[in-house]
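Letters A, B, ... mirror the listed sequences (proteins, then strands); counts begin at 1. Computed over heavy atoms, backbone and side chain alike; hydrogens, waters and symmetry mates excluded.
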2 protein chains.
Amino acid sequence: MKAPRIVIIGGVAGGASAAARARRHSEEAEIIVVERGPDVSFANCGLPYHIGGEIEDRSELALQTPESLRSLLNLDVRTLSEAIEIDPARQEVTLRSVRDGSLSHVGYDRLILSPGASPLRPPLPGINHPSILTLRNLHDMDRIMEKLDSAQSVAIIGAGFIGLEMAEQLVHLGKKVSLVELQPQVLPQLDAEMVQALERELSEHGIELILGDGIDGFEDRQGRPIAHLKSGRELVTDLVVLSIGVRPESQLAQQAGLELGPRGHIRVDAYQRTNVAHVYAVGDVCESPDPLLGGHVAIALGGPANRQGRTAADHIFLGDQALPYRGSIGTSIVRLFDQTAGIAGASERRLQMADLPYRTVTVNGPSHASYFPGASTITLKILWDPSDGRVLGAQAIGRDGVDKRLDVLATAIHGHLTIDDLVHLEFAYAPPFSSAKDVVNIAGFAATNIRDGMLVPVAHLEEVRDAQIIDVRPPAAVEKLPVPGARNIPLPTLRARLSEIDRDRPVCTICQMGKTSYFAARILANHGYDARSILGGAHHQAPRSA
Amino acid sequence: MKAPRIVIIGGVAGGASAAARARRHSEEAEIIVVERGPDVSFANCGLPYHIGGEIEDRSELALQTPESLRSLLNLDVRTLSEAIEIDPARQEVTLRSVRDGSLSHVGYDRLILSPGASPLRPPLPGINHPSILTLRNLHDMDRIMEKLDSAQSVAIIGAGFIGLEMAEQLVHLGKKVSLVELQPQVLPQLDAEMVQALERELSEHGIELILGDGIDGFEDRQGRPIAHLKSGRELVTDLVVLSIGVRPESQLAQQAGLELGPRGHIRVDAYQRTNVAHVYAVGDVCESPDPLLGGHVAIALGGPANRQGRTAADHIFLGDQALPYRGSIGTSIVRLFDQTAGIAGASERRLQMADLPYRTVTVNGPSHASYFPGASTITLKILWDPSDGRVLGAQAIGRDGVDKRLDVLATAIHGHLTIDDLVHLEFAYAPPFSSAKDVVNIAGFAATNIRDGMLVPVAHLEEVRDAQIIDVRPPAAVEKLPVPGARNIPLPTLRARLSEIDRDRPVCTICQMGKTSYFAARILANHGYDARSILGGAHHQAPRSA
Ligand SMILES: Cc1cc2nc3c(=O)[nH]c(=O)nc-3n(C[C@H](O)[C@H](O)[C@H](O)COP(=O)(O)OP(=O)(O)OC[C@H]3O[C@@H](n4cnc5c(N)ncnc54)[C@H](O)[C@@H]3O)c2cc1C
Ligand SMILES: Cc1cc2nc3c(=O)[nH]c(=O)nc-3n(C[C@H](O)[C@H](O)[C@H](O)COP(=O)(O)OP(=O)(O)OC[C@H]3O[C@@H](n4cnc5c(N)ncnc54)[C@H](O)[C@@H]3O)c2cc1C
Ligand SMILES: CC(C)(COP(=O)(O)OP(=O)(O)OC[C@H]1O[C@@H](n2cnc3c(N)ncnc32)[C@H](O)[C@@H]1OP(=O)(O)O)[C@@H](O)C(=O)NCCC(=O)NCCS
Ligand SMILES: CC(C)(COP(=O)(O)OP(=O)(O)OC[C@H]1O[C@@H](n2cnc3c(N)ncnc32)[C@H](O)[C@@H]1OP(=O)(O)O)[C@@H](O)C(=O)NCCC(=O)NCCS
């Protein structure tokens, strides 16, 4: 192929990355980047942090400008230019100037679509109120910041990653924040029991948390947007930020006959090719082969968008010699004040929906050596395939070191490692960083113990109503957080007090962190008891919500 | 087997872990832990930090006591009891009481050796001076702390992990510190160019660094130990701390006819079995199958000792159903004031000694999103096998996030991942934690670029004396840190100034971080030049020492 003309629709994460990589393949290629907005290459992920003032300087968010892309990469960047039609037969795109509405046509040898996704704005009554905003780009950010000048109270609708980031930043600004989420938990990407500490963190920072409730509609009252909740409640605020998810920007692709998935994403293969010749799609708009569960999956994240853009560019120049995209496992993370929580791979919910068998373990362990100052507890949950032990997912929450454990487990998932591998991963250990047995090893120990029958786990006391519950904590700990219905036999006295425990009924042990109760259950099992142990300790035993 | 009697020699990392795991397998086993010293289960790794006061409370270092091991695990702990002979034929160990020298015998069904290693104390003149100390256990620590009460200046001999930790902590205490190292670099476990920032850090904290010099002997002068260096220099101090390595405590094993490796370590298999029936060895004393380079390897670290102890206990109860130990890759790390450095897997030196082919790449990238406050630069070096791309080693240095990248790469090495895998690892990205393309991905990009010919790397300017050196940084950066012999053509002007560069001679580009110079080299290569690019940027171009 002589130097191709490559047209790229969308000039931010996926699009700019594709353009940059394409230029590194060829100086002669003509590379045209079409962007509807005024900006390219900006840090979407930083938007909440500029709103909250943590990123002080707005210009930090512009990683590149149209000018810098021109001068560094010799790109033909056409901002304020919307692609409104693709003609795959003629290999041509129709552009409309956002300034004056004028139309133009541009032909392509290769077309890369990276138009992203737009925030959902459901067609509810009153949704067009000028104080109901969404956040996707610099312009959205500016509008929110303008409104915040005079807003005292803000309702955030949707407690996913962006909703939580916004909640934190708005508290930094001294706003009164309400957070509304349709699901009975925040961060529904994670399993419910893993986010309880986030929910406490929100409440402790004065955020009103409204879970399991949705929006019926909005109403204007003296210029303020009033939200009517499904529960009948009325939420009176100065500003509403909608963060309930995104919809792929695939109308254009649909018109052009590109194959879409069930939720409207452009379907691509491992080289980011669509079903139409010479047309690629990358980033939030596409769904690519799911490396975990089979089928296709759409993961709207910055890293995947960047690397998919790079993959498409590679395929244009290298063909099938290019390194294929490996699929997204959805590794993601959020900092919420002093807590950090995140996930890599599949949650229980996703595995249930896919009807795949799995087992889980949850352990607590220190962020670094417990004898070294500053250690805090990380709660780590692992999901694996019972047939071969392969790790399918991991979730973690804690104050420190959560990102590290998620990245390790993302690597393990990517590499098809098993719970046996987790046992023997050899981490960088010095007291400020880790423990001789890191919490990831501990998760491997506990998971293999479950598989091997050394540990018979119980997720929740409610599952063992018929058992004798033995609380093996020291009496002082029991006093602080008693477990209803449990008898206290501290671990060091257990062997001497076995006669107090009925051999003919199952026993379930419980403690603070899940470790001592395991030790106790081993003693009991080795003495012939039918002994189980509560995973994760007493803290996880709040009565279950519906 | 009826419940066995297990005798364990050494009651700290490997020994106590083996005992604990054995008890969880069986309540009936008789488990006898023989320990020469007064303490068991203490945190060796924390010793320097109590000396420096960072771990305030000495009792934090005692993770368990003989009493707690008795009451929690029903262990028969015999402290101040030295094993002085093993009779494998009779399955018997001879013990000598440290208190009164009395002898006793104890039979075993299974024997686990975890006697550790002792600090090297070479037989130099004057070595027995009372102010020349080593650090292995609580007693050593107490002695050093006593001496420090009156010591103003301290010489540390050996700049490995423990030497560096001690140097940092002694500066915290306000001591005048000299650090002497025989090799021409600190932390000889890492490759020389990776530790230059550590060397700067030491100097900036007022530590006198004496590299490439060894000790000829010591002399007493009015009670102070005077060190005579090989260079002829005399070092006058109040206290000498020797941290030049350890020697496995394998005399006992040797007498008993156990097979030893070339440096005196007990050779074991993947179940920690020695060549003698019913005798296991774990921890610093053993060498186990090397998962990276073949043969056997001795890695003296806390994590391996703990997990090897656990493996030996498993094998006693499960036989070959036990999960074998996977071998140690030597992941290790040190914090030195504001810098952190570490390694996972093999260094260049180890690969050269093993005569194995390898390739390397070094990249710089931000610890988290560059637009978010607090980001600092991580320098990451990767070594891989050119035949299949498998990652063989990684080294990293920086202020923040070094432990995370090392743990990810340790996981990759364990899982036999390749440089292609690094390209597509999907990390937890939000601005406080990472970047859309994490530095580990960047290393994967650059490594695959080298393999695929997109990047022709140069480690050091001295390798390309015949080339035209083009410095593509902005003039201001060049002024601050000029590169001798380089012409400055800032990247944005490069395309317009190609005519200034001779097409018939090789070109080598250089910049601050290694990224812009790569971009420039791509432009040049795509215009037909023979173009190379300096890895790691101008900072790594200090003239080479011998
Ligand atoms: C507030 C916020 C916080 C986020 N935080 C994180 C985070 O912490 N971690 C993370 O991994 N991800 C995060 N993301 C997600 C991440 O930003 C996206 O996954 C990524 O930007 C997707 O890249 P993309 O190229 O597909 O789309 P985008 O980066 O959105 O770029 C698409 C561009 O295409 C343009 N466009 C659309 N249609 C047309 C058209 N017809 N013609 C011309 N131009 C068009 C749009 O104007 C837009 O500029 C966040 C997103 C937001 C909004
Ligand atoms: C100051 C210091 C800092 C360290 N920092 C780190 C770090 O940050 N990260 C890391 O991974 N590792 C670190 N280590 C190394 C780690 O502590 C060891 O690798 C680990 O303790 C080895 O475990 P082990 O069971 O083999 O030996 P040890 O833990 O040393 O235990 C051996 C025990 O056996 C006893 N013993 C020996 N011979 C006999 C005998 N004949 N009879 C009876 N008892 C006997 C000894 O008294 C000793 O208590 C550090 C070590 C030191 C000294
Ligand atoms: C700014 C943008 C155009 C940069 O694209 P890019 O040039 O591909 O990316 P980077 O600046 O990270 O540089 C990566 C390139 O430099 C190379 N590189 C980086 N550091 C290097 C080093 N120290 N030595 C050698 N090469 C290095 C990499 O190999 C890669 O080149 P390759 O793709 O040819 O292998 C694009 O990422 C973008 O628009 N980002 C903003 C939008 C966004 O990502 N939003 C979502 C997250 S907030
Ligand atoms: C203190 C010492 C005796 C502890 O041994 P241990 O009981 O095996 O280790 P831990 O306390 O970390 O507990 C690990 C066990 O608890 C289990 N566990 C830990 N947390 C758990 C949780 N939340 N839920 C369920 N199980 C858990 C693990 O599975 C493991 O049990 P297993 O081996 O039967 O699988 C031993 O490690 C020691 O002496 N350490 C000090 C010396 C040392 O290590 N020095 C070098 C480094 S400083």
Side-chain angles (χ1 to χ4, degrees), chain A residues 13 24 26-27 43 45-46 49 54-55 60-61 71-72 74 302-304 306-307 323 325-326 328-329 331-335 342 369 371-373 403-404 406-408 410-412 414-415 417 420-421 423-434 436-437 448 491-492 495 522-523 526-527, chain B residues 13 24 26-27 43 45-46 49 54-55 60-61 71-72 74 302-304 306-307 323 325-326 328-329 331-335 342 369 371-373 403-404 406-408 410-412 414-415 417 420-421 423-434 436-437 448 491-492 495 522-523 526-527:
Chain A
R24 293 191 283 272
S26 164
E27 277 290 294
C45 317
Y49 298 98
E54 199 163 342
I55 297 174
E60 288 284 334
L61 298 174
S71 89
L72 293 172
N74 192 22
N306 271 266
R307 289 180 289 98
L323 183 67
Y325 186 69
R326 299 289 176 89
S328 305
I329 61 169
T331 316
S332 38
I333 193 165
V334 66
R335 186 196 70 187
Y371 58 81
F372 192 85
D403 57 327
K404 176 161 80 174
L406 288 174
D407 283 0
V408 161
T411 306
H414 178 104
L417 301 197
D420 286 328
D421 292 304
V423 167
H424 280 308
L425 289 178
E426 186 185 331
F427 299 116
Y429 165 48
F433 303 106
S434 174
K437 298 161 186 156
T448 51
L491 180 66
R495 286 187 185 84
R522 286 310 307 153
I523 295 175
N526 282 329
H527 279 100
Chain B
R24 292 191 284 272
S26 164
E27 277 291 291
C45 317
Y49 298 98
E54 198 163 343
I55 298 175
E60 287 284 333
L61 298 175
S71 89
L72 293 172
N74 192 23
N306 271 266
R307 288 180 288 99
L323 183 66
Y325 186 69
R326 300 288 177 89
S328 305
I329 61 168
T331 317
S332 39
I333 191 165
V334 66
R335 185 196 71 186
Y371 58 81
F372 191 85
D403 58 328
K404 176 162 82 175
L406 287 174
D407 283 1
V408 160
T411 306
H414 179 105
L417 302 196
D420 286 329
D421 292 305
V423 167
H424 280 309
L425 289 178
E426 186 184 330
F427 299 115
Y429 166 47
F433 303 106
S434 174
K437 298 162 186 158
T448 51
L491 180 67
R495 285 186 184 86
R522 287 310 307 154
I523 294 175
N526 282 328
H527 279 99

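Heavy atoms of B:Ser328 lying under 4.5 Å from chain A belong to its backbone as well as its side chain. Proximity to chain B (any heavy atom under 4.5 Å) is shown, for A:Phe433, by both the backbone and the side chain. Heavy-atom distances place both the backbone and the side chain of B:Pro492 under 4.5 Å from chain A. For A:Arg495, the part sitting under 4.5 Å from any heavy atom of chain B is the side chain, from C-beta outward, and nothing else. Only the side chain of A:Leu417 has a heavy atom closer than 4.5 Å to any heavy atom of chain B. For B:His424, the parts sitting under 4.5 Å from any heavy atom of chain A are the backbone and the side chain alike. Of the two parts of B:Phe427, the backbone and the side chain both hold a non-hydrogen atom closer than 4.5 Å to a non-hydrogen atom of chain A.
Between chain B and the residues A:Asn74, A:Asn306, A:Asp421, A:Leu61, the largest count of heavy-atom pairs under 4.5 Å involves A:Asp421. By number of non-hydrogen pairs under 4.5 angstrom with chain B, the leading residue of A:Ala430, A:Ala436, A:Gly46, A:Ala428 is A:Ala428. Ranked by heavy-atom pairs under 4.5 Å with chain B, the first of A:Ser332, A:Gly415, A:Pro432 is A:Pro432. Among B:Leu323, B:Thr448, B:Leu406, B:Val334, the residue with the largest count of heavy-atom pairs under 4.5 Å with chain A is B:Leu323. Each of A:Ser26, A:Ala369, A:Ala412 has some count of heavy-atom pairs under 4.5 Å with chain B, and the biggest count is that of A:Ser26. Between chain A and the options B:Gly342, B:Gly302, B:Ser71, the largest number of non-hydrogen pairs under 4.5 Å is found for B:Ser71.
Closest approach of B:Asn526 to A:Glu27, counting heavy atoms only: CB-CG, 3.4 Å. Residues B:Cys45 and A:Pro431 approach most closely at O-CG, 3.2 Å, considering heavy atoms. The minimum heavy-atom distance between A:Tyr371 and B:Ala43, with the atom names listed, is CE2-CB, 3.4 Å.
Residues B:Pro304 and B:Tyr325 are in side-chain contact: their nearest non-hydrogen atoms beyond the backbone lie under 4.5 Å apart. The shortest distance between side-chain heavy atoms of A:Thr331 and B:Tyr429 does not fall below 4.5 Å. Residues A:Leu491 and A:Ile523 form a side-chain contact, since some pair of their non-hydrogen atoms from C-beta on lies under 4.5 Å apart.
Rounding to the nearest 0.5 Å places CG of B:Asp407 at 6.0 Å from OG of A:Ser434.
For A:Asp403, the side-chain hydrogen bond (donor to acceptor under 3.5 Å, both in side chains) test picks out B:Lys404, with sequence neighbours left out.
Salt-bridge formation is not detected for the pair B:Glu426/A:Arg326: no Lys NZ or Arg NE/NH1/NH2 atom is positioned less than 4.0 Å from an Asp or Glu carboxylate oxygen.
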